[in-house]
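One structure below.
Owing to the predicted nature of the structure, the values given are computational and were not obtained by experimental measurement.
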Amino acid sequence: MVAESASTAARRPSQGLRTQRAQEKEDVTRISRGVCCGLLLLFAVSTSRADENVSTPGSPGEYLARAADCVACHSVPGGKAFAGSLKMGSPLGNIYSTNITPDPDTGIGNYSLGDFDRALRRGVAKDGHRLYPAMPYPSYAKLTDADVAALYDFFMKQVPPVHQENLKNEIPWLLSFRWPLAIWSLVFTTSGSYVVKSGHDAEWNRGAYLVQGLGHCGACHTPRGFAWQEKALDDSSAVYLSGTLLDAWYAPDLRGDVRTGLGGWSKEDLADFLKNGHNQAETAFGSMIDVVNNSTPYLSDNDINAIAAYLKSLPATSAQQPIAYDNATTAALRSGHATQPGAAIYTGTCANCHGFDGKGFGPYTPALAGNPTVLDNDASSLINLLLNGSNPLIVKGNPDPYRMPQFRQQYSDQEIADVVTFIRNGWGNQAPTVAALEVANLRKTTDPASDQVIILKMR
């Protein structure tokens, strides 16, 4: 994996019987490799998802569109911003996001404010047809009238019109009728803007509004029910933001659970992650890459702090004991005496970036010891990262030079299962073992032709 920086290499402890001269030579090699990888990445990620503006939002409506991350779903790589055509999987079949530019023929140029409001907060298009809940209108229902008006003003006056026809959804005819969505909306959504909770301060309420509404965090982080509805839309339920499997990634628990949630993070850790895509403990991956690349770094410090304050207020869903770090794994790796399956692969491939001690080199290469992603019962994210690596993290147009590479070509299903199991049970971690069949299944459902994993928002 990508080499550590010079500063972290200098802080690294001695490794067993190696001489100081040999250690220094190895560190120089790692530093050189890291510089090369960084330069290559600068060229590799010069194109963004769409030809969007990466400057600070200049109007209230543009700021709100950033907070809602509209461009992530309504654009395709290399396409025009907000012109739609992103393919998304659903239980019914594949659907495509629509053109929301103000083009009068193929976009929303003929929408009135009332039409826009009805689509945004109720999931009903101008012509009366129901929208699939891939459009997170259950969350957007909480938006204020003023914010809806500001968004409308932005899309009508600031977004360039793009004449691009919407693509036809790939849903079997018998399942394509939209009228059942009216019943679905009646049963599983609520109406009315966010109501301020008097028992909390202004910062908490602002954070709740952003998380529950504009940010629609529950769309990924809340488990779904039998009808693919979010099981909870706010913090009145303990299941809200408790984590769930989403398209071969496990969207993590955002509640106060010590081992598998945010219980070990401070408010400052959360704010740092939202602003930069990484902190001393974790780095963004999966669908969160889109959120960081397009949304959270553009928010004000006040709003980022409000989100962090709200998330930190959510109680744990279960009683979990914190990890007690165990140095035995570190000692065995450094001495060459680690004999568990996966230890050799970790030593040769993973230790350069994540350390023999499993503590990583934050904020760019995360720790594996005590990491909630490592400890979760569902290992899908770890397996996916080993198979497919991580997509580029680009904060306000600046690419992050440290990126997890893919290893699907180098290692077999059993080898990846072994190293994931080794990580999940080293340094005091205690998590279920991973079978080769789990790796094989994920290998089939992710793209074998490139390092771009398939992100299907609803599957």
*Hey, mind stepping through Y194 and D234 against side chain to side chain donor-acceptor pair (under 3.5 Å) and telling me if it holds?*
CA-CA 10 Å; Y194 175 79; D234 59 39; over 6 Å; no

_Quick one, D418 with I345, criterion side-chain contact (heavy atoms from CB on, under 4.5 Å). Give me CA distance, side-chain angles, the key distance, then yes/no._
CA-CA 9 Å; D418 286 344; I345 293 176; 5.7 Å; no

*Could you walk me through whether T349 and Y411 pass the side-chain contact (heavy atoms from CB on, under 4.5 Å) test, one step at a time?*
CA-CA 11 Å; T349 303; Y411 297 119; 2.5 Å; yes

*Evaluate the side chain to side chain donor-acceptor pair (under 3.5 Å) criterion for residues Y402 and T283: first the C-alpha distance (whole Å), next the side-chain angles of each, then the deciding distance (0.1 Å), finally the verdict.*
CA-CA 10 Å; Y402 296 86; T283 300; over 6 Å; no

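Side-chain contact of S266 with D269: a donor-acceptor pair under 3.5 Å is present, judged by distance alone. A donor atom on one side chain and an acceptor atom on the other are not found under 3.5 Å apart for D69 and Y298. The closest side-chain donor-acceptor pair between S287 and D247, if any, does not fall under 3.5 angstrom. Remark: the N294 side chain and the R66 side chain contain no N/O donor-acceptor pair separated by less than 3.5 Å. There is a side-chain donor-acceptor pair under 3.5 Å between T330 and Y325. If you check the side chains of S300 and N302, you find no donor sitting under 3.5 Å from an acceptor. Side-chain contact check for Y310 and E203: no donor-acceptor pair (N or O, by modelled atom type) lies under 3.5 Å. A donor and an acceptor atom, one from each side chain of Y250 and T373, are nowhere located under 3.5 Å apart.
When the salt bridge (Lys or Arg N to Asp or Glu O under 4.0 Å) test is applied to E268, no partner is found at least two apart in sequence or on another chain. Legend: residues meeting side chain to side chain donor-acceptor pair (under 3.5 Å) with R206, ordered by chain and number and at least two apart, are D303. Legend: residues meeting side chain to side chain donor-acceptor pair (under 3.5 Å) with W204, ordered by chain and number and at least two apart, are S313. Partners of S59 according to the side chain to side chain donor-acceptor pair (under 3.5 Å) rule, which considers only residues two or more places apart in sequence or in another chain, are Q158. Partners of N276 under the side chain to side chain donor-acceptor pair (under 3.5 Å) rule, at least two apart in sequence or in another chain, are D272.
Between G261 and P372, the shortest heavy-atom distance links the atoms O-CG, 3.4 Å. Scanning all heavy atoms of the two residues, the minimum distance from G84 to Q164 falls at O-NE2, 3.8 Å. In terms of heavy atoms, N293 sits closest to P392 at ND2-O, 3.2 Å. Between V434 and A417, the shortest heavy-atom contact is O-CB, 3.5 Å. Between A232 and S237, the closest heavy-atom pair is CB-CB, 3.5 Å. A pairwise comparison of heavy atoms in G218 and Y240 identifies CA-CE1, 4.3 Å as the closest pair.
A donor-acceptor pair under 3.5 Å is formed between the side chain of N425 and the backbone N or O of A431. Although no hydrogens or angles enter the test, the distance criterion places no donor-acceptor pair under 3.5 Å between the side chain of R255 and the main chain of K312. In this structure, the side chain of R424 engages the main chain of V374 through a donor-acceptor pair within 3.5 Å. Side-chain N or O atoms of D147 include none that pairs as donor or acceptor with a backbone N or O of L143 at under 3.5 Å. A donor-acceptor pair under 3.5 Å is formed between the side chain of H221 and the backbone N or O of P252. Between the E170 side chain and the N94 main chain, no donor and acceptor come within less than 3.5 Å of each other. Judged by distance alone, with hydrogens and angles left aside, the side-chain atoms of Y209 form a donor-acceptor pair with the main-chain N or O of T144 at under 3.5 Å. The backbone N or O of G342 sits nowhere less than 3.5 Å from a side-chain atom of E415 that would complete a donor-acceptor pair. Of the possible donor and acceptor atoms, none in the side chain of K267 sits under 3.5 Å from a partner among the backbone N and O of L311. A donor-acceptor pair is defined here as one N or O able to donate and one able to accept, closer than 3.5 Å; such a pair exists between the side chain of R403 and the backbone of S390.
Counting heavy atoms from C-beta outward, E230 and P223 have side chains that stay 4.5 Å or more apart. F361 is not listed as a side-chain neighbour of P366, based on a closest heavy-atom distance of 4.5 Å or more. Taking 4.5 Å as the limit, every side-chain heavy atom of W427 sits out of range of all side-chain heavy atoms of N371. With a 4.5 Å cut-off on side-chain heavy atoms, L64 and L214 count as touching. Looking at heavy atoms from C-beta onward, I394 lies out of side-chain contact with D400 at the 4.5 angstrom threshold. Counting heavy atoms from C-beta on, the side chains of F285 and S381 come closer than 4.5 Å. Side-chain contact between N279 and P363 is absent, with no heavy-atom pair separated by less than 4.5 Å. When side chains are defined from C-beta on, Y137 counts as touching T189, because their heavy atoms get closer than 4.5 Å.
In summary, the aromatic rings of W184 and F226 are positioned with their centroids too far apart to meet the 6.0 Å limit. If you look at F273 and H278, their ring centroids are not closer than 6.0 Å. Between F82 and F155, the gap from one ring centroid to the other is short of 6.0 Å.
Rounding to the nearest 0.5 angstrom, the gap separating the CG atom in L442 from the CG atom in L385 is 11.0 Å. Here K275 contributes atom NZ and I307 contributes atom CD1; the two are 11.5 Å apart, rounded to the nearest 0.5 Å. For the atom pair W228 CH2 and Y132 OH, the distance stands at 15.5 Å (nearest 0.5 Å). Atom OG of residue S85 and atom CG of residue L167 lie 4.0 Å apart, to the nearest 0.5 angstrom. Atom-to-atom distance recorded for R443:CZ and E438:CD is 13.5 Å, nearest 0.5 angstrom. Put simply, CH2 on W249 and CG on N384 are 4.0 Å apart, with the number rounded to the nearest 0.5 Å.
By the 4.0 Å N-to-carboxylate-O rule, D235 lies close enough to K197 to be salt-bridged with it. A salt bridge does not link R259 with D376: none of the charged nitrogens is closer than 4.0 Å to a carboxylate oxygen.
Applying the salt bridge (Lys or Arg N to Asp or Glu O under 4.0 Å) test to every pair with at least one member in residues 365-374, sequence neighbours left out, gives no pairs at all.
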